[in-house]
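Below is one structure, written out as structure tokens; comments come after it.
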Amino acid sequence: MLTFVAIIVDGLVYASWLFLVAVGLTLILGVMRVLNVAHGGFYSFGAYTAAWGIGIYFERGFPDAGSFFVLAGAAIAVGLTLGVLIERGLLRWMYDRDEVVIALITYAVFLILEDAVLLVWGVNPYFAYQPSTLLGNTDIAALPFPNYDLALIALALVIGGVLWWVLTFTHRGKFLLAVIQDREMSVFLGINVSRVFTVTFVIGAMLGALGGAVTAPIISVTPGIGVEVIVLAFAVVVIGGMGSIAGAAIGSLLVGLAHAAAVHLLPQIELFVIYAVMSLVLAFRPRGLFSQAQMRRI
Amino acid sequence: MSKRTPLIQSAATVGLLVALAAGAAHAQTAPTVNLGLVTFLSGPAAGPFGIPARNAAELVTEAINKGTLPAPYDKKGMGGGNVQLVIVDEAGSTTEVVQAFRNLVQRQTVNAVVGYISSGSCLAVAPVAEELKMLTVFFDCGTPRIFEDAKYNYVFRTSATSTMDSVAAARYVKAKYGDTGSYAGINQNYAWGQDSWKDFDESMKVLLPNAKEVTTQFPKLFAGQYNAEISALLVSKANVIHSSFWGGDLESFVLQAGARGLQKESRMVLTTGETAMFRLRGQIPNDVILGARGPYGVLAHKSPLNDWFRQAYQDRYGTPPVYSAYQMAQSLLGLKVAYDKAGSGPELPSMDAVGKSLTGLKYEAFGTNVDMALGEGHQAVTETAYGTFNFNKNTDTPEITNVVYYSASCVNPPANVKSADWIKDGMKGAKCD
């Protein structure tokens with residue numbers, strides 16, 4: 001029973017984290033058809049900015065509770081700055097290129113961002129554990145779980161819910177769906193696709209940075225953290241179906257629960273369980289669980 | 001005036017020529033030892049390991065060139081040569097690491113290579129070093145497989161293997177917590193983590209045969225998140241938890257385990273924990289057992305060499321040296337001793353001569369004595385130490401108490417015996433007094 005509870009809670013916590021780091025990637029992929037490898041860089045910058053900000057915040061003796069706003073502020077600042085810079089300054093000149101070329105360009109941006117992290121923050125680890133320790137623990141079936149981790153589940157639900165609501169019930173969301181369905185037709189209908197792209201990229205960058213910012217309090221923030229994350233995020237996006245937000249949610253849940261079950265029941269397979277899930281899904285659904293039917297243009 | 005000018009010019013020219021000749025003569029008497037230095041300069045291992053190692057290399061190399069190391073190492077240079085470092089990043093895939101090694105040898109034409117933190121790097125580089133006939137000294141990587149599974153002429157390692165860390169950890173657990181009924185492990189899923197756990201597990205079976213292994217976790221290297229693993233460890237209710245985690249993984253694990261009170265349920269043994277104690281400070285729970293892969297860092301013995309090293313490092317970098325800094329300094333010192341022993345004439349001694357001097361060498365290093373006793377004289381053994389972490393709130397400093405030192409013969413296998421076999425056979429011949 002204890003193991004079962006642990007698998008469920010651990011699986012949900014891990015799934016929430018995966019969703020937070022993957023949802024921005026899938027949003028950009030769905031709307032812009034850009035496989036944004038630089039997403040790992042947004043995650044790193046978010047984590048470093050948050051850790052750095054938290055350090056200064058507590059050094060100056062500000063009230064503890066405000067530290068959560070530092071995490072959010074770091075994500076917004078990084079997403080806004082890097083998102084606008086990269087989309088307006090670089091990607092908008094590349095949209096008529098092949099998707100593979102654009103993916104390679106974002107890979108180059110990722111490498112630049114990784115080096116920029118080293119340049120700005122150096123190689124020494126940063127710690128921002130205070131927001132995590134502030135919230136304490138909750139015992140579930142006699143196992144202590146940090147409330148901060150449980151709060152990640154709530155945050156993932158809120159982010160997922162807001163995205164779903166925006167896409168389903170707002171005009172701007174419908175514009176976005178129109179662009180996802182048919183970019184050219186959207187232009188003919190008077191939708192400012194260029195602006196949709198910029199806004200989408202900035203929101204995606206903010207979500208990537210938010211993933212890093214909320215992770216900073218529970219890890220040692222070191223160079224290279226974005227590399228590990230981008231691989232996992234891609235796995236989740238592929239499982240869910242490229243560009244599907246619901247797919248990212250289900251993909252995260254599948255991977256999270258499979259990972260937790262492996263750790264508790266068969267630790268030897270932990271290393272490849274994520275890729276086993278991915279292979280299994282792709283064997284039956286080669287375009288992912290929630291892939292959309294592709295239009296055939298004649 | 002005009003008549004004297006040529007004379008002055010001539011004198012100046014002659015003076016310049018004499019000075020150049022003298023310089024050339026000096027250059028001839030002081031050849032350059034180009035030393036390839038490989039350590040993590042980026043990635044998660046850079047801060048805790050790579051940069052301290054590089055810092056130590058620069059500090060010690062400068063002292064070697066100036067002849068300012070404490071006696072008996074105060075003779076200038078290595079084999080009479082001035083040491084010049086060619087520093088390379090170890091970060092990247094194994095293929096990239098091997099390619100960078102080839103570049104050092106074939107393009108930079110270094111005289112020797114000192115480096116490598118990751119066991120994966122060492123396992124990949126060793127056969128290439130042998131193929132290229134390049135004197136290569138591993139300073140930190142721990143897997144015992146290198147000299148147990150192969151024989152090398154040009155490859156050396158001046159630090160002890162992970163077997164020493166694991167056996168000593170088990171001995172410490174037995175000495176301090178002899179009533180341990182169960183134990184578990186969480187180690188990174190690659191050569192270092194697997195070898196460390198295997199040796200600890202086997203040592204526990206020998207030393208505490210009634211203790212039961214309850215769970216073994218092998219998360220991915222640099223995973224960073226260990227919630228599920230910590231839950232599994234909590235569920236297992238193990239009395240002792242062994243971990244050879246290092247770098248960012250170690251620090252993340254300590255933060256996450258501490259937040260969930262794992263230390264209240266189990267006694268944690270962190271074999272490389274010393275590297276984190278000055279960074280995490282009070283975030284490391286008291287009573288966690290810490291090691292330093294030898295008597296290094298705060299566990300180093302007091303000696304003129306150690307006093308010089310600690311003070312010089314602290315003065316220059318503003319922080320005490322951790323064990324990777326000690327191991328790097330130890331490697332360079334070993335190489336210097338070997339070079340000096342091989343000759344110090346106008347020409348540098350040959351690589352074969354230096355290798356011959358390094359084989360089976362015994363020398364005093366900064367934290368301990370080094371004996372190249374295993375792997376036919378290519379693999380070092382040293383003593384080691386473990387202690388218990390305590391954050392002293394009165395002095396606001398992290399410290400290690402209840403320190404126990406283990407002699408080299410107590411925690412290392414004898415020559416020509418594989419580590420795993422030695423442990424399984426009950427560690428025959430171990431001298432622990």
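Chain letters run A, B, ... following the sequence lines, proteins first, then strands; residues in each count from 1. What you see is a predicted model; the values in this text were computed from it and never measured.
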Taking B:G247, B:A232, B:G50 one by one, which has the highest count of heavy-atom pairs under 4.5 Å against chain A? B:A232

For each of B:G224, B:A228, B:G47, tally heavy-atom pairs with chain A at distances under 4.5 Å, and name the one with the top tally. B:A228

Given a strict heavy-atom distance threshold of 4.5 Å, which part of B:F222 is in contact with chain A: side chain, backbone, both, or neither? both

Enter the distance from B:Q225:CD to A:E228:CD here, rounded to the nearest 0.5 Å. 11.5 Å

Could you give the distance from OG1 (B:T216) to CD (A:Q268), rounded to the nearest 0.5 Å? 7.5 Å

For B:E265, is it the side chain, the backbone, both or neither that has a heavy atom under 4.5 Å from a heavy atom of chain A? neither

Counting only heavy atoms closer than 4.5 Å, note whether A:F145 contacts chain B via side chain, backbone, both or neither. both

Determine the option with the most heavy-atom pairs under 4.5 angstrom with chain B, choosing from A:A262, A:P125, A:S132. A:P125

Please confirm whether the backbone N or O of A:S220 pairs with a side-chain atom of B:S252, one donor and one acceptor, at under 3.5 Å? yes

Let me know if B:L233 has heavy atoms under 4.5 Å from chain A in its side chain, its backbone, both or neither. neither

Option in A:A6, A:G224, A:P223 with maximal non-hydrogen atom pairs under 4.5 Å from chain B: A:P223

Short question: side chain of B:Q256, backbone of A:I218 - any donor-acceptor pair under 3.5 Å? yes

Highest number of heavy-atom pairs under 4.5 Å with chain A: which of B:A276, B:A223, B:P219? B:P219

Considering only heavy atoms and a distance below 4.5 Å, find which of A:D115, A:T222, A:L143, A:V123 pairs most often with chain B. A:V123

State whether the number of non-hydrogen atoms from other residues, nucleotides or ligands found under 6.0 Å of A:Y275 atom OH is greater than 12. yes

Do A:Y14 and B:N227 come close enough that some side-chain heavy atom pair is under 4.5 Å? no

Considering residues, nucleotides and ligands other than A:F69, do more than 12 of their heavy atoms fall under 6.0 Å from its CZ? no

Given a strict heavy-atom distance threshold of 4.5 Å, which part of B:L41 is in contact with chain A: side chain, backbone, both, or neither? backbone

Nearest-0.5 Å distance, CG of residue A:D10 to OG of residue B:S231: 3.5 Å

Using atom types as modelled and distance alone, determine if a side-chain donor or acceptor of B:Q217 lies under 3.5 Å from a backbone N or O of A:V263. yes

Interchain contact, A:D149 with chain B, by part (heavy-atom threshold 4.5 Å): side chain

Which atoms of A:I219 come close to chain B, meaning under 4.5 Å heavy atom to heavy atom: side chain ones, backbone ones, both, or neither? both

Looking only at A:W17, A:Y148, A:Y129, the option with the highest number of non-hydrogen pairs under 4.5 Å against chain B is A:Y129

Rounded distance [0.5 Å steps], NZ in B:K220 versus CD1 in A:I274: 8.5 Å

